[in-house]
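Here is the structure we will look at, set down as structure tokens.
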Amino acid sequence: MIQRPRGTRDFGPADMARRRAAENAMREVCHAHGFGEVVTPTFELSELFTMRSGQAIVDEMYVFNDKGDREMALRPEITASVIRFYVNDLSTLPKPLKLYYVGSCYRYENPQSGRYREFYQIGAELIGNDNPETDAEVISLAVKCLRATGLQDFEVRIGHIGALKSLVQAEIGDRTLASEVLRLIDKAEFEALGRLFESRGLSGDLMGRVRAVAGTKGGAEALDDIEDPEVKAHLKELFETLSLYGVDDCQLDLGIVRGLDYYTGMVFEIDAPRLGAEKQVLGGGSYTLSELFGGEPVFSTGFAIGIDRVVLALEAEDFRPEYRQCDAFVVPTEDNMRKYAFAIASKLRAAGIHTDVDLMRRSMSKNLKYAASVGTRYAVIVGRDEMASRSVTLRDMDTGEQTLVKADFVVEELEKLMAGR
RNA sequence: GCCGGGGUGGGGUAAUGGUAUCCUUGGGGACUGUGGAUCCCUUGACCCGGGUUCGAUUCCCGGUCCCGGCCCCA
């Protein structure tokens with residue numbers, strides 16, 4: 001037996017029905033917001049990702065040399081590919097350019113709850129601006145995607161890198177040191193931060209100001225505590241616009257740095273508290289990447305949702321839609337009725353009704369048992385009597401109620417019955 | 001990379017230093033127009049490798065995978 005690779009999963013029909021339901025709900029919301037789908041390669045030149053995130057991430061990527069000795073990597077995320085695509089081919093499209101994507105990503109990490117080596121993301125990028133209404137559009141899209149899946153229990157935290165970045169970079173000339181400080185702030189490791197400040201002879205006064213800014217969090221009322229006037233005005237307008245979109249209950253959290261150098265303004269994260277250690281289901285913010293890949297500088301705002309974690313969170317909320325393989329199962333009562341059964345099945349299928357028919361040459365009772373065990377809603381029984389009157393018997397598998405209907409109207413009758421339930 | 005807990009048919013389980021229990025599921029049959037029942041038959045398992053032993057599924061070591069946590073999280 002061949003084992004499945006570590007950190008990967010197989011999904012059966014019932015799992016996929018649930019996953020696709022969540023995915024399709026989110027796709028619909030993206031389209032409703034005017035975002036168009038893009039697909040980019042599953043693997044890229046590994047340079048694309050190291051340019052963005054540094055050489056260190058090679059350890060956490062699936063990297064390999066292809067037969068032409070090019071260094072490739074399975075994508076660990078999709079934003080870089082989308083921006084590469086934009087810079088290469090889409091940069092002359094009218095702005096704002098609104099793109100979304102769905103796909104698998106790969107990271108060589110140790111699997112645990114909600115963390116896999118192959119996982120699935122849906123994300124969106126709005127290319128062209130970083131003003132408050134753009135941020136609101138993107139956050140609102142993110143929240144509505146999650147709501148559309150049926151998820152109820154999640155927390156939106158919104159921050160702005162500008163506040164900390166400008167403070168730290170203005171006070172610390174050394175860029176490396178500054179980004180180290182930002183990293184520790186992101187981790188909320190204030191003891192380590194204190195030690196760093198001490199060893200590098202930085203003033204305790206700055207430390208206090210950093211802590212004050214990073215500790216600025218709370219509901220919309222906390223917006224008044226923001227010192228940086230530009231950040232305050234930006235976030236105030238953002239929160240107001242979000243409210244117009246019906247997105248309230250967002251938390252302000254200026255401690256979010258998202259561990260990255262390339263975010264430039266608003267950053268946001270969404271957690272599903274019912275999940276375990278890996279409870280973040282979404283991360284995003286505004287950034288500039290295009291010039292890194294050789295394009296004109298342009299602001300983008302985007303996010304990525306971890307589909308796997310959304311599905312886990314839905315399960316934690318006991319949201320498990322019923323899965324039905326088929327709506328109708330055509331049952332011949334005896335062997336010489338099988339051809340009639342195929343004709344009826346064909347008619348139902350042509351009408352788009354999810355239909356199964358006996359292929360095992362089983363007896364009527366075994367067929368009914370099979371139809372019940374796979375959760376079919378209606379058995380369509382065809383036999384000598386039905387054929388004689390050009391009819392079929394529809395049996396509701398839950399109630400046992402049966403009706404004889406003309407074969408010519410079987411589609412309409414079934415649709416009527418299904419709509420009535 | 002590190003730590004803890006696990007690994008018996010497809011799923012769920014029991015026992016055991018002498019190759020394995022029960023339930024469920026799958027396949028078939030009886031039955032023959034509602035038995036979606038009932039009865040019968042049947043397929044199918046000790047994660048992998050090494051060690052100890054006359055003999056290992058059981059004990060020991062290593063690996064692997066799963067579950068959870070740390071680190072990390074673009």
Side-chain angles (χ1 to χ4, degrees), chain A residues 1-10 12 14 44 46 48-61 73-83 105-117 119 121 123 183 186-187 189 256-263 267 269 271 275-285 287 289 292 302-304 306 309 312 329 331-337 360-388 392-404:
Chain A
M1 166 174 135
I2 312 290
Q3 278 187 339
R4 175 163 30 84
R6 180 169 168 77
T8 63
R9 291 151 300 155
D10 297 310
E44 296 267 8
S46 70
L48 176 69
F49 305 112
T50 53
M51 277 175 84
R52 172 186 172 173
S53 307
Q55 200 62 34
I57 60 154
V58 169
D59 296 338
E60 284 156 28
M61 288 198 299
L74 296 184
R75 61 184 178 198
E77 45 108 10
I78 300 181
T79 298
S81 296
V82 172
I83 299 303
C105 300
Y106 304 83
R107 296 183 190 179
Y108 197 89
E109 293 185 293
N110 227 338
Q112 66 188 68
S113 180
R115 174 180 287 190
Y116 308 97
R117 288 183 172 180
F119 57 99
Q121 288 193 335
R183 195 187 70 83
D186 183 36
K187 301 288 164 250
E189 288 181 14
I256 304 173
V257 178
R258 293 202 46 71
L260 265 189
D261 298 327
Y262 73 83
Y263 281 107
V267 285
E269 297 180 343
D271 295 336
L275 297 180
E278 302 290 324
K279 65 184 196 319
Q280 188 181 328
V281 297
L282 176 149
Y287 59 90
L289 264 183
L292 190 61
F303 65 81
R309 291 184 184 176
L312 286 172
F329 188 92
V331 180
T333 60
E334 54 192 281
D335 278 338
N336 57 9
M337 290 295 122
M360 299 288 280
R361 301 189 178 177
R362 277 194 273 239
S363 65
M364 177 176 180
S365 61
K366 291 274 171 149
N367 272 324
L368 287 172
K369 181 178 180 176
Y370 172 80
S373 70
V374 298
T376 309
R377 296 169 82 172
Y378 293 95
V380 181
I381 299 167
V382 300
R384 208 179 286 275
D385 299 343
E386 285 84 355
M387 196 165 163
V392 301
T393 297
L394 297 183
R395 177 181 176 85
D396 184 316
M397 295 300 278
D398 293 332
T399 66
E401 200 175 313
Q402 299 195 170
T403 47
L404 187 71

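Letters go in sequence order (proteins before strands), and every chain restarts at 1.
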What integer distance in Å separates A:Leu292:CG from B:rA74:P? 17 Å

Using the P atom on both, measure B:rG10 against B:rC47 and round to a whole Å. 12 Å

In whole angstrom, give me the gap between the P atoms of B:rU52 and B:rG69. 40 Å

Nucleotide paired to B:rG49 in any strand shown, Watson-Crick or G-U, under 3.5 Å: B:rC61

Donor-acceptor contact present, side-chain A:Arg362 to main-chain A:Asn367, <3.5 Å: no

Check nucleotides 66-69 of chain B for protein N or O atoms closer than 3.5 Å to its own N or O atoms and list the pairs.
| from | atom 1 | to | atom 2 | distance (Å) |
| --- | --- | --- | --- | --- |
| B:rC66 | OP1 | A:Gly7 | N | 2.9 |
| B:rC66 | OP2 | A:Arg6 | NH1 | 2.9 |
| B:rG68 | OP1 | A:Ser113 | OG | 3.1 |
| B:rG68 | OP2 | A:Ser113 | N | 3.1 |
| B:rG69 | OP1 | A:Ala277 | N | 3.0 |

What residues, two or more places apart in sequence or in another chain, satisfy ring pair (Phe, Tyr, Trp, His ring centres under 6.0 Å) together with A:Phe303? none

Partner residues of A:Glu77 under the salt bridge (Lys or Arg N to Asp or Glu O under 4.0 Å) criterion, sequence neighbours left out: A:Arg52

Would you mind building the protein contact string for nucleotides 36-48 of chain B? One character per nucleotide, 5' to 3', B for base within reach (heavy atoms under 4.0 Å), S for sugar-phosphate only, - for untouched. BS-----------

Consider side chain to side chain contact (heavy atoms under 4.5 Å, CB included). Of A:Leu292, A:Val267, A:Ile83, which one does A:Tyr287 pass it with? A:Ile83

Pairwise P distance, B:rC23 and B:rU43 [rounded to whole Å]: 16 Å

Mind checking who B:rG4 pairs with, Watson-Crick or G-U wobble, both distances under 3.5 Å? B:rC67

For atom CZ of A:Arg117 and atom C1' of B:rC72, their distance in whole Å: 13 Å

Ignoring hydrogens and angles, answer whether the base of B:rG33 and the side-chain atoms of A:Glu386 contain a donor-acceptor pair closer than 3.5 Å. yes

Among residues at least two apart in sequence or on other chains, which ones pass salt bridge (Lys or Arg N to Asp or Glu O under 4.0 Å) with A:Arg361? none

Indicate, with a heavy-atom threshold strictly under 4.0 Å, whether A:Asp385 touches base, sugar-phosphate, or nothing. base

Using atom C1' in both nucleotides, what's the gap between B:rG12 and B:rC54 to the nearest angstrom? 36 Å

Same-atom distance (C1') from B:rA56 to B:rG50, integer angstrom: 13 Å

Could you tell me how far apart A:Phe329 (CZ) and B:rU34 (C1') are, to the nearest whole angstrom? 14 Å

Atom-pair distance (CZ on A:Phe119; C1' on B:rC72), nearest Å: 13 Å

Which part of the nucleic acid, if any, lies within contact of A:Gln121, taking any heavy atom under 4.0 Å across all strands shown: a base, the sugar-phosphate backbone alone, or nothing? nothing

Whole Å only: how far is the CZ atom of A:Phe49 from the C1' atom of B:rA74? 10 Å

Are A:Arg115 and B:rC72 close enough that a side-chain N or O sits under 4.0 Å from OP1 or OP2? no

Just jot down the salt bridge (Lys or Arg N to Asp or Glu O under 4.0 Å) partners of A:Glu278, sequence neighbours excluded, or say none. A:Arg115, A:Arg309

Compare the minimum distances between each of B:rC73, B:rG27, B:rU34 and the side chain of A:Met360, then state the nucleotide with the smallest one. B:rG27

Using atom CG of A:Leu282 as one end and atom P of B:rA74 as the other, report the distance to the nearest whole Å. 12 Å

For RNA chain B, whose closest nucleotide is more 5', that of A:Arg362 or that of A:Gln280? A:Arg362

In whole Å, I'd like the distance from the CD atom of A:Glu60 to the P atom of B:rC72. 10 Å

When rounded to the nearest 0.5 angstrom, what is the spacing between CG in A:Leu48 and OG in A:Ser81? 5.5 Å

C1' atoms of B:rU8 and B:rU57, separation to the nearest Å: 7 Å

All salt bridge (Lys or Arg N to Asp or Glu O under 4.0 Å) counterparts of A:Arg384, not counting sequence neighbours: A:Glu334

For A:Thr376, side-chain hydrogen bond (donor to acceptor under 3.5 Å, both in side chains) partners two or more places apart: none

When you compare B:rC46 with B:rU58, how far apart are their C1' atoms, in angstrom units rounded to a whole number? 9 Å

Starting from P on B:rA74, measure out to CD1 on A:Ile256 and report it in whole angstrom. 12 Å

Say we look at B:rC31 and B:rC41: how far apart would their C1' atoms be, to the nearest angstrom? 15 Å

A:Gln402 pairs by side chain to side chain contact (heavy atoms under 4.5 Å, CB included) with which of A:Leu394, A:Asp396, A:Ile381? A:Ile381

Report the residues that fulfil ring pair (Phe, Tyr, Trp, His ring centres under 6.0 Å) with A:Phe119, sequence neighbours left out, ordered by chain and then residue number. none

